Amino acid sequence: MSQTTPAKGPVAQAFLHLEIVHADPEAVFAFLHNCLGAERVEREISESLEEGLGFGPILHARVGNIVFQIVKPPPTILGQPASWFTELEERGPGVHNVSFYVDDTEAVKERMLARGATEVVDVDLPFHEVGLGAGPTRLLVMDAREQTGLRFEMVLPIEGWVPYPARIELAE
């Protein structure tokens, strides 16, 4: 029997969202809203992803204390093929990844690579150009489906932005 040792050093700080790729994010939201009482949240992130990276539509829906990021992905992001688009084309609608804030994406990447995960995306996103944060935000997506059944998206915390459920948003 092998023994495991918990990760030392940087670890996930907060769960951000469960990310779904779908050709019609509005229909997904309507379903979640009508069946589970979902509310739209994190509109500034949705808008920045649409405007800054060409995603669209994209929206965030809160059900209880879980946020779903629902994405209709473009074929490319920042000039690179988009794994979100490929996932939708090849597998149809479904979960692309789970997302976390981490304080050291490089350390997490090294730990996952050492355990057989593969890199999908490692890029600096220009959120600061659309008013979020003071500089580019590192985004890392690792495929650990063989190890866990999931892809993991990790981002460095964005200065000046607090994700749900660490804050309460007022209903419109």
Side-chain angles (χ1 to χ4, degrees), residues 4 6-7 10-74 77 82-88 91-105 108-109 111-112 117 120-121 125 127 130-133 137-172:
T4 59
V11 294
Q13 295 178 358
F15 174 79
L16 294 178
H17 57 253
L18 179 69
E19 191 163 318
I20 297 169
V21 292
H22 197 280
D24 190 349
E26 292 292 342
V28 175
F29 176 77
F31 181 89
L32 292 172
H33 176 73
N34 292 326
C35 296
L36 299 171
E39 300 175 75
R40 285 197 187 205
V41 295
E42 300 179 357
R43 292 176 190 264
E44 69 275 23
I45 291 293
S46 296
E47 290 169 7
S48 68
L49 287 169
E50 286 179 3
E51 294 170 16
L53 298 176
F55 274 100
I58 182 170
L59 57 93
H60 293 79
R62 180 176 59 84
V63 176
N65 65 350
I66 301 294
V67 172
F68 293 89
Q69 179 175 285
I70 309 155
V71 177
K72 180 179 181 183
I77 299 170
S83 65
W84 296 264
F85 182 81
T86 303
E87 188 77 6
L88 181 59
R91 299 177 189 255
V95 173
H96 180 268
N97 58 260
V98 293
S99 298
F100 295 92
Y101 259 172
V102 297
D103 58 3
D104 188 342
T105 55
V108 172
K109 178 179 175 177
R111 286 197 299 262
M112 286 190 174
V120 177
V121 175
L125 296 178
F127 282 141
V130 291
L132 292 171
T137 301
R138 181 139 181 228
L139 171 114
L140 172 67
V141 179
M142 299 293 293
D143 189 329
R145 288 184 287 194
E146 183 178 314
Q147 297 80 4
T148 66
L150 296 169
R151 282 183 172 164
F152 293 88
E153 177 181 76
M154 283 84 48
V155 296
L156 292 173
I158 300 169
E159 184 181 322
W161 182 70
V162 178
Y164 185 86
R167 67 173 170 168
I168 302 297
E169 292 191 354
L170 300 175
E172 291 186 4

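Numbers for residues simply follow the sequence, beginning at 1. All values derive from a computational prediction rather than experimental measurement.
- When each of His22, Arg91, Arg151 is tested with His96 by the rule side-chain hydrogen bond (donor to acceptor under 3.5 Å, both in side chains), just one qualifies, namely Arg151.
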I would like to know whether Val141 and Asp143 meet side-chain contact (heavy atoms from CB on, under 4.5 Å); could you show each step before the answer? CA-CA 7 Å; Val141 179; Asp143 189 329; over 6 Å; no

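- When every heavy atom of Ile70 is checked against every heavy atom of Ala61, the shortest pair comes out as CD1-CB, 4.2 Å.
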Should Phe15 and Ile66 be marked as a side-chain contact (heavy atoms from CB on, under 4.5 Å) after you check the CA-CA gap, both sets of side-chain angles, and the distance that decides it? CA-CA 9 Å; Phe15 174 79; Ile66 301 294; 4.3 Å; yes

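- Using a 4.5 Å cut-off on side-chain heavy atoms (C-beta onward), Val121 and Leu139 make contact.
- With rounding to the nearest 0.5 angstrom, the CD atom of Glu50 is 8.0 Å from the CG atom of Leu59.
- Counting only distance, with no hydrogens or angles, the side chain of Arg62 and the backbone of Gly64 share a donor-acceptor pair below 3.5 Å.
- Atom CD of Glu26 sits about 15.5 Å away from atom CZ of Phe31, to the nearest 0.5 Å.
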Test log, rule salt bridge (charged side-chain N to carboxylate O under 4.0 Å, His left out), inputs Arg145 and Glu87: CA-CA 13 Å; Arg145 288 184 287 194; Glu87 188 77 6; 3.3 Å; yes

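- If you take CG on Leu16 and NE2 on His60, they are separated by 8.5 Å, rounding to the nearest 0.5 Å.
- Under the 6.0 Å distance and 45° angle rule, Arg40 counts as a cation-pi partner of Phe29.
- In terms of heavy atoms, Leu36 sits closest to Val63 at CB-CG1, 3.9 Å.
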Given Phe152 and Val98, is the side-chain contact (heavy atoms from CB on, under 4.5 Å) satisfied, shown in steps? CA-CA 5 Å; Phe152 293 88; Val98 293; 3.5 Å; yes

List the steps and the verdict of side-chain contact (heavy atoms from CB on, under 4.5 Å) for His17 and Glu153. CA-CA 9 Å; His17 57 253; Glu153 177 181 76; 3.4 Å; yes

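- When all heavy atoms are compared, the tightest approach of Asn97 to Ser99 is ND2-OG, 2.9 Å.
- Nearest heavy-atom pair, Val21 versus Pro73, reported as atom, atom and distance to 0.1 Å: CG1-CG, 4.3 Å.
- Note: Ile58 CD1 to Glu19 CD = 6.5 Å, rounded to the nearest 0.5 Å.
- Panel note: side chain Gln69, backbone Leu18; no donor-acceptor pair is recorded below 3.5 Å.
- Note that the CG atom of Leu140 and the CE atom of Met154 stand 4.0 Å from one another [nearest 0.5 Å].
- Across every non-hydrogen atom of Ala23 and Lys72, the tightest pair is O-CD, 3.3 Å.
- Between His33 and Ala38, the shortest heavy-atom distance links the atoms ND1-O, 2.7 Å.
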